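Small disclaimer: the values here were computed from a predicted structure and weren't measured. All values below come from the heavy atoms of this structure, side chains included, with hydrogens, waters and symmetry mates left out. Here is the naming used below: chain letters follow the sequence lines, and residue numbers restart at 1 for every chain.
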Amino acid sequence: MAKNLVIVESPAKAKTIEKFLGSDYTVKSCFGHIRDLAKGDEAIDVKNNFTPSYEVSDDKKAIVAELKKLSKEAEIVWLASDEDREGEAISWHLSEVLKLDDAKTRRIVFHEITKPAIVKAIANPRGIDRNLVDAQQARRVLDRLVGFELSPVLWKKVKANLSAGRVQSVAVKLIVDREREINSFNTTSAFRVIARFNVGGKQMDAELAKRFETEAEAQAFLEKCTGAKFNISNLEVKPAEKTPAPPFTTSTLQQEASRKLGYGVSTTMSIAQKLYENGLITYMRTDSVNLSELAIGAAKKHITETFGERYSRPMRYTTKNDSAQEAHEAIRPTYFENVEIDGTNQEKRLYDLIYKRAIASQMAKAQIERTLATVSISGLPETLLATGEVLKFDGFLKVYLESTDEEGDDENSKMLPPLNKGEELLLKNMEASQRYTRPAARYTEASLVKKMEELGIGRPSTYAPTISTIQKRGYVIKEDREGKDRPFVVLTLEKEKINREEKSEKFGSEKSKLFPSDIGMLVTDFLSKHFEQIMDYGFTASVEEEFDKIASGQLVWNKMIEKFYGPFHIGVTKTSETAERQNAERLLGNDPESGLPVYVKVGRFGPFAQIGENSEEGKEKPRYASLRSGQLIETITLVEAMDLFKLPRVIGNFEGKDMKAAIGRFGPYIMHDSKFISIPKTDDVFAITSERAIELIESKRISDANKLIKIFAEDENVKILNGRWGPYISRGKDNFKIPKTQKADELKYSDVLEIIKAEGKSETSSKAANKTAPKKVAVKKTAAKKTAAKKSAAKKAK
DNA sequence: CAGTGAGCGAGCTTCCGCTTGACTT
């Protein structure tokens with residue numbers, strides 16, 4: 001039996017470390033926290049100094065039993081959980097639950113999984129830091145008290161099954177605040193003037209520094225420019241440089257993967273988890289931009305060998321964020337020699353991103369020459385400005401360029417033609433186009449994470465789960481929105497003549513953005529009204545300061561909790577007893593036909609509109625209609641609400657059966673003969689004619705008839721069908737893509753089985769696959785790469 | 001894949017952070 005037992009948090013980490021240490025060491029993982037507050041409301045003894053009662057979580061019982069046994073047999077137990085608040089607490093819980101003897105227990109820490117770091121840690125053990133543990137207890141107890149006292153207030157005053165918490169409630173508030181900011185935004189427009197010159201056969205654009213508020217002013221300016229002469233009055237060439245971004249943290253990885261690859265934050269995290277488990281990248285839940293000495297050296301070697309010495313710029317980054325706990329390295333490839341990897345497409349793409357970001361962070365700055373050309377206009381004080389850039393040395397740009405959240409026109413990195421001071425320029429045309437101001441952008445999952453990180457709310461391990469929670473609770477909806485058209489005016493001066501044109505542009509279209517729901521707004525308003533402190537964006541930051549004081553021994557944890565809890569609990573009791581039920585009812589006006597009042601409110605099945613008063617004796621019952629997705633109680637107008645009552649609408653009769661138009665969960669549809677036919681976006685549900693509806697019904701019949709391409713005698717569950725994106729294979733509930741190299745109608749049953757196997761979903765998902773799989777897996781495994789042998793080997797081998 | 005929208009008031013819900021696996025013939 002091994003003399004030493006080392007306990008870390010993550011199994012993948014355990015595997016790596018075991019390789020660094022000799023056979024005298026057994027390395028095991030405890031899978032994070034092994035113990036937590038007991039489940040119910042009684043876990044914290046509020047009257048008795050907030051004494052917490054802990055329980056081993058059900059899913060940890062087995063691992064705890066195993067660790068108990070191993071720790072009894074070991075001579076020394078090394079607690080090697082992360083060096084931060086939570087990690088320290090994990091070590092403490094382990095020592096309590098395993099009943100470890102102080103004499104044979106050592107606490108060690110390291111920030112990176114490299115051999116020198118581990119060896120050094122083993123040589124410098126310490127004891128468990130009780131102050132740090134207390135800081136964690138304070139954090140845990142505070143979160144439980146806040147969450148479990150606020151949520152019941154919501155059940156009572158708003159709606160059942162709702163939740164509130166230090167992190168989630170503020171995350172929702174960010175989205176609600178942003179939505180209101182957008183709704184109250186005052187869009188203005190101004191005319192932007194751009195002159196296009198012809199310089200030696202090349203076009204050069206120059207922009208007027210100021211914009212004109214009205215069309216008349218823009219018109220007047222263009223008139224004054226008619227017949228004017230244009231000269232280069234000043235020419236400036238300035239050197240500039242671009243610096244690479246630091247390597248990824250969890251938050252920046254989520255942002256870039258969202259912008260460059262379009263992944264949601266939980267997708268990104270689960271792909272990263274796979275990469276980590278396969279030993280390809282370092283730990284993916286981190287707030288540190290630090291790279292190990294070893295990594296910096298390896299990057300330098302790789303860069304020098306691949307790009308040359310002058311591309312190398314070893315660099316140590318430091319974290320600016322106050323709330324960072326830096327228990328890990330930044331996210332980087334384990335080996336810089338692994339330029340490409342085996343894996344799924346998603347794994348390859350995410351790895352590529354991580355790889356390039358990390359290597360670029362160790363590369364030279366890019367050298368740029370920026371040219372500013374000022375163009376004067378004869379007889380006018382105004383000047384035009386043309387800017388251009390020439391890349392003198394690419395440096396890190398050879399591999400990676402960070403993207404930004406800002407949408408819209410990027411005018412950079414254009415090259416200017418050769419110019420001389422004093423040179424007269426030939427005007428091709430001058431355009432004054434009307435540009436509208438834009439409100440702040442709605443949050444994406446990733447940009448919300450960025451904001452939360454800035455505010456110190458949440459941790460790398462909780463960003464993705466928190467964002468799922470607020471969507472699951474229905475506070476927030478992630479969706480696309482169609483843009484609307486709006487006209488804009490363009491005035492063009494060309495050949496001494498001014499031409500006016502009215503064009504149209506789309507604005508306000510959104511892709512995968514976060515929108516608040518009515519309930520989200522309702523809850524945010526309720527909490528903001530009664531629990532201002534918790535909803536303050538600075539609340540977490542201020543309690544973090546206190547946790548830091550506890551960690552440094554300047555404050556006693558339950559004293560801190562007491563000070564917070566006293567007033568907080570009074571507020572909870574008071575609100576619970578006296579506050580009015582929060583509802584979002586709004587009177588929109590009166591129905592123009594009946595004169596009855598029109599309301600919008602939240603009901604059991606979501607928000608709806610209502611014509612007429614609630615159940616008055618003898619009176620007619622009110623009429624109801626659900627709000628459509630995207631409509632909010634706060635912003636819906638009477639006209640929009642009245643439209644809701646126009647559906648469902650009988651639009652005609654076909655083959656002896658009524659055709660009804662309505663809007664369902666998946667958008668507008670026609671119901672005929674109890675069949676659904678969806679109405680395309682190009683048609684209007686309110687105006688669609690019976691002729692058009694018949695057309696749609698008939699084309700649906702044709703496409704249904706063509707849906708089946710082939711069915712197989714061998715297994716009638718297996719079919720080739722024609723779908724929205726072309727032919728595909730269907731087997732029971734699973735669908736499979738047909739490779740582009742193969743023709744759908746020529747596929748034989750054996751080909752189909754091949755394809756199903758290659759796509760492989762999970763091997764256990766079906767009996768048919770499982771029967772044939774084991775043999776193949778065994779064969780392919782030997783051929784597969786040395787990357788830690790996993791069950792998924794069959795999937796990866798090609 | 002929409003017709004609903006109230007109630008005698010049972011017994012339930014809920015937090016944040018740390019880590020993965022996910023019933024089997």
Side-chain angles (χ1 to χ4, degrees), chain A residues 8-14 29-37 39-41 43-44 57 59-60 63 81-82 84-91 93 136 139-156 159-169 171 269-270 273-274 276-277 283-285 325 327 457-463 465-466 469 473 534 540 585 599-610 614-615 621-628 644 647-648 660 662-671 674-678 762 764-765 767 770-771 791:
Chain A
V8 296
E9 291 178 39
S10 146
K13 198 167 165 179
S29 76
C30 65
F31 296 83
H33 278 298
I34 52 156
R35 228 166 47 151
D36 191 16
L37 291 176
K39 279 192 207 77
D41 291 330
I44 298 161
S57 335
D59 54 337
K60 297 292 164 58
I63 186 74
S81 50
D82 296 346
D84 57 15
R85 211 158 59 200
E86 301 296 329
E88 203 66 22
I90 288 174
S91 279
H93 283 299
Q136 194 273 346
R139 199 279 305 152
R140 182 67 192 89
V141 165
L142 179 114
D143 281 338
R144 168 61 69 85
L145 289 173
V146 169
F148 276 37
E149 297 219 354
L150 283 189
S151 299
V153 181
L154 294 181
W155 305 339
K156 195 171 166 194
K159 208 178 130 183
N161 299 317
L162 295 175
S163 66
R166 174 178 58 85
V167 171
Q168 59 167 287
S169 296
M269 291 314 281
S270 62
Q273 176 90 29
K274 272 274 167 322
Y276 168 66
E277 284 169 9
Y283 197 56
M284 63 282 153
R285 292 187 274 263
Q325 311 217 353
I457 298 165
R459 303 280 311 135
S461 65
T462 60
Y463 293 139
T466 301
T469 302
R473 295 259 177 277
I534 307 288
T540 290
E585 190 172 315
Y599 297 97
V600 278
K601 40 174 111 171
V602 178
R604 281 192 297 169
F605 312 110
F608 66 100
Q610 171 181 335
N614 264 353
S615 58
K621 269 182 91 177
R623 292 167 62 205
Y624 304 107
S626 289
L627 261 59
R628 297 182 54 185
L644 298 171
L647 297 176
K660 258 193 307 192
I663 293 169
R665 282 212 316 211
F666 304 142
Y669 66 92
I670 293 162
M671 171 84 104
S674 60
K675 284 196 193 83
F676 290 95
I677 298 105
S678 41
S762 89
T764 53
S765 74
K767 291 177 184 176
N770 218 12
K771 262 183 208 161
K791 270 184 261 166

**Student:** With a centroid cutoff of 5.5 Å and a plane-angle limit of 30°, would you call A:Y624 stacked on B:dG5?
**Tutor:**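 No, the aromatic ring of A:Y624 does not stack with the base.
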**Student:** Just to be sure I understand the rule, does A:Y463 reach a base, reach only the sugar-phosphate, or reach nothing, if contact means heavy atoms closer than 4.0 Å?
**Tutor:** nothing
**Student:** Could you work out, with side-chain contact (heavy atoms from CB on, under 4.5 Å) as the rule, every residue matching A:A43, not counting sequence neighbours?
**Tutor:**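 Applying side-chain contact (heavy atoms from CB on, under 4.5 Å) to A:A43 gives A:L37, A:A38, A:S53, A:R144.
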**Student:** What is the separation between atom CZ on A:R140 and atom P on B:dG17, rounded to the nearest whole Å?
**Tutor:**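 Atom CZ in A:R140 sits about 10 Å away from atom P in B:dG17.
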**Student:** Counting any heavy atom closer than 4.0 Å, what does A:R473 reach on the DNA or RNA strands: base, sugar-phosphate only, or nothing?
**Tutor:** sugar-phosphate
**Student:** Does A:A89 reach a base, just sugar-phosphate, or nothing at all? Heavy atoms under 4.0 Å.
**Tutor:**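 Answer is nothing: A:A89 stays at 4.0 Å or more from every strand.
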**Student:** Determine the contact category for A:G606: base if any of its heavy atoms lies under 4.0 Å from a base atom, sugar-phosphate if only primed atoms, P, OP1 or OP2 are that close, otherwise nothing.
**Tutor:**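 Base contact.
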**Student:** I want to verify a distance call: between B:dC15, B:dT20, B:dC1, whose nearest atom is closest to the A:S678 side chain?
**Tutor:** B:dC1
**Student:** B:dT14, B:dC15, B:dC18: which one has an atom nearest the side-chain heavy atoms of A:W155?
**Tutor:** B:dT14
**Student:** From CD of A:E149 over to C1' of B:dT14, roughly how many Å is that when rounded to an integer?
**Tutor:** 12 Å
**Student:** Side chains of A:Y276 and A:S10, heavy atoms from C-beta outward: is any pair under 4.5 Å?
**Tutor:** yes
**Student:** What is the nucleic acid contact for A:Q273, judged by heavy atoms within less than 4.0 Å: base, sugar-phosphate only, or nothing?
**Tutor:** sugar-phosphate
**Student:** With nearest nucleotides of DNA chain B determined for A:K660 and A:Q168 from heavy-atom distances, which residue corresponds to the more 5′ nucleotide?
**Tutor:** A:K660
**Student:** Using a heavy-atom cut-off of 4.0 Å across all strands, would you classify A:S626 as base, sugar-phosphate, or nothing?
**Tutor:** base
**Student:** Nearest to the side chain of A:E86, heavy atoms from C-beta on, is which of B:dC18, B:dC15, B:dC16?
**Tutor:** B:dC18
**Student:** Is A:S10 touching bases, backbone alone, or none of the nucleic acid, heavy atoms closer than 4.0 Å?
**Tutor:** sugar-phosphate
**Student:** Considering only side-chain heavy atoms of A:S461, which listed nucleotide, B:dC1, B:dC18, B:dC15, is closest?
**Tutor:** B:dC18
**Student:** Answer yes or no as to whether B:dC18 has its base stacked against A:F31, where stacking requires a ring-centre separation under 5.5 angstrom and planes under 30 degrees apart.
**Tutor:**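 A stacking contact does not exist, since A:F31 is not both close and nearly parallel to the base ring of B:dC18.
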**Student:** Using the side-chain contact (heavy atoms from CB on, under 4.5 Å) criterion, which residues pair with A:S626? Sequence neighbours excluded.
**Tutor:**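 side-chain contact (heavy atoms from CB on, under 4.5 Å) list for A:S626, sorted by chain: empty.
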**Student:** Taking any heavy-atom pair under 4.0 Å as a contact, classify A:G32: base, sugar-phosphate, or nothing.
**Tutor:** base
**Student:** Enter the distance from A:L142:CG to A:I44:CD1 here, rounded to the nearest 0.5 Å.
**Tutor:** 9.0 Å
**Student:** Quick check for you: among B:dT14, B:dG17, B:dG21, whose closest atom lies nearest to any side-chain atom of A:E277?
**Tutor:**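 Shortest atom-to-atom distance from the side chain points to B:dG21.
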**Student:** Do the charged groups of A:D82 and A:R285 touch, with an N to O distance under 4.0 Å?
**Tutor:**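 Here A:D82 does not pair with A:R285 in a salt bridge, since their nearest N and O are not under 4.0 Å apart.
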**Student:** Side-chain donor or acceptor of A:R459 under 3.5 Å from a matching atom on the base of B:dC18?
**Tutor:**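 Donor-acceptor pair under 3.5 Å: no.
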**Student:** Can you tell me the distance, in whole Å, between the CD1 atom of A:I90 and the P atom of B:dT20?
**Tutor:** 11 Å
**Student:** Checking all strands, does A:D59 fall into the base, sugar-phosphate, or nothing category for heavy-atom contacts under 4.0 angstrom?
**Tutor:** nothing
**Student:** Round to the nearest Å and state the distance from A:K60 atom NZ to B:dG21 atom P.
**Tutor:**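 The distance from NZ of A:K60 to P of B:dG21 comes to 12 Å, rounded to the nearest Å.
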**Student:** Counting the atoms with a prime plus P, OP1 and OP2 as sugar-phosphate, which does A:V167 contact under 4.0 Å by heavy atoms, base, sugar-phosphate, or nothing?
**Tutor:**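 Sugar-phosphate, backbone atoms only, no base.
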**Student:** Just call it for A:Y283: base, sugar-phosphate, or nothing, with non-hydrogen atoms closer than 4.0 Å on any strand.
**Tutor:**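 Sugar-phosphate, backbone atoms only, no base.
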**Student:** To the nearest Å, give me how far apart CD1 (A:I534) and P (B:dC15) are.
**Tutor:** 15 Å
**Student:** Could you give the CG-to-C1' distance, from A:L145 to B:dC15, as a whole number of Å?
**Tutor:** 10 Å
**Student:** In whole Å, what is the span from the CD atom of A:Q136 to the C1' atom of B:dC15?
**Tutor:**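 Whole-Å distance recorded here is 13 Å.
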**Student:** Please report, rounded to the nearest Å, how far the P atom of B:dT14 is from the CG atom of A:L154.
**Tutor:** 12 Å
**Student:** When rounded to the nearest 0.5 angstrom, what distance separates SG in A:C30 from CD in A:E9?
**Tutor:**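 Here the interatomic distance stands at 6.0 Å.
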**Student:** What nucleic acid atoms does A:R85 come within less than 4.0 Å of, heavy atoms only: base, sugar-phosphate, or nothing?
**Tutor:**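 It contacts nothing in the nucleic acid.
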**Student:** Pick base, sugar-phosphate or nothing for A:P11, based on heavy-atom distances below 4.0 Å to the nucleic acid.
**Tutor:** sugar-phosphate
**Student:** Quick check: closest heavy atoms across A:I63 and A:F31, and the distance to 0.1 Å?
**Tutor:** CD1-CE1, 4.1 Å
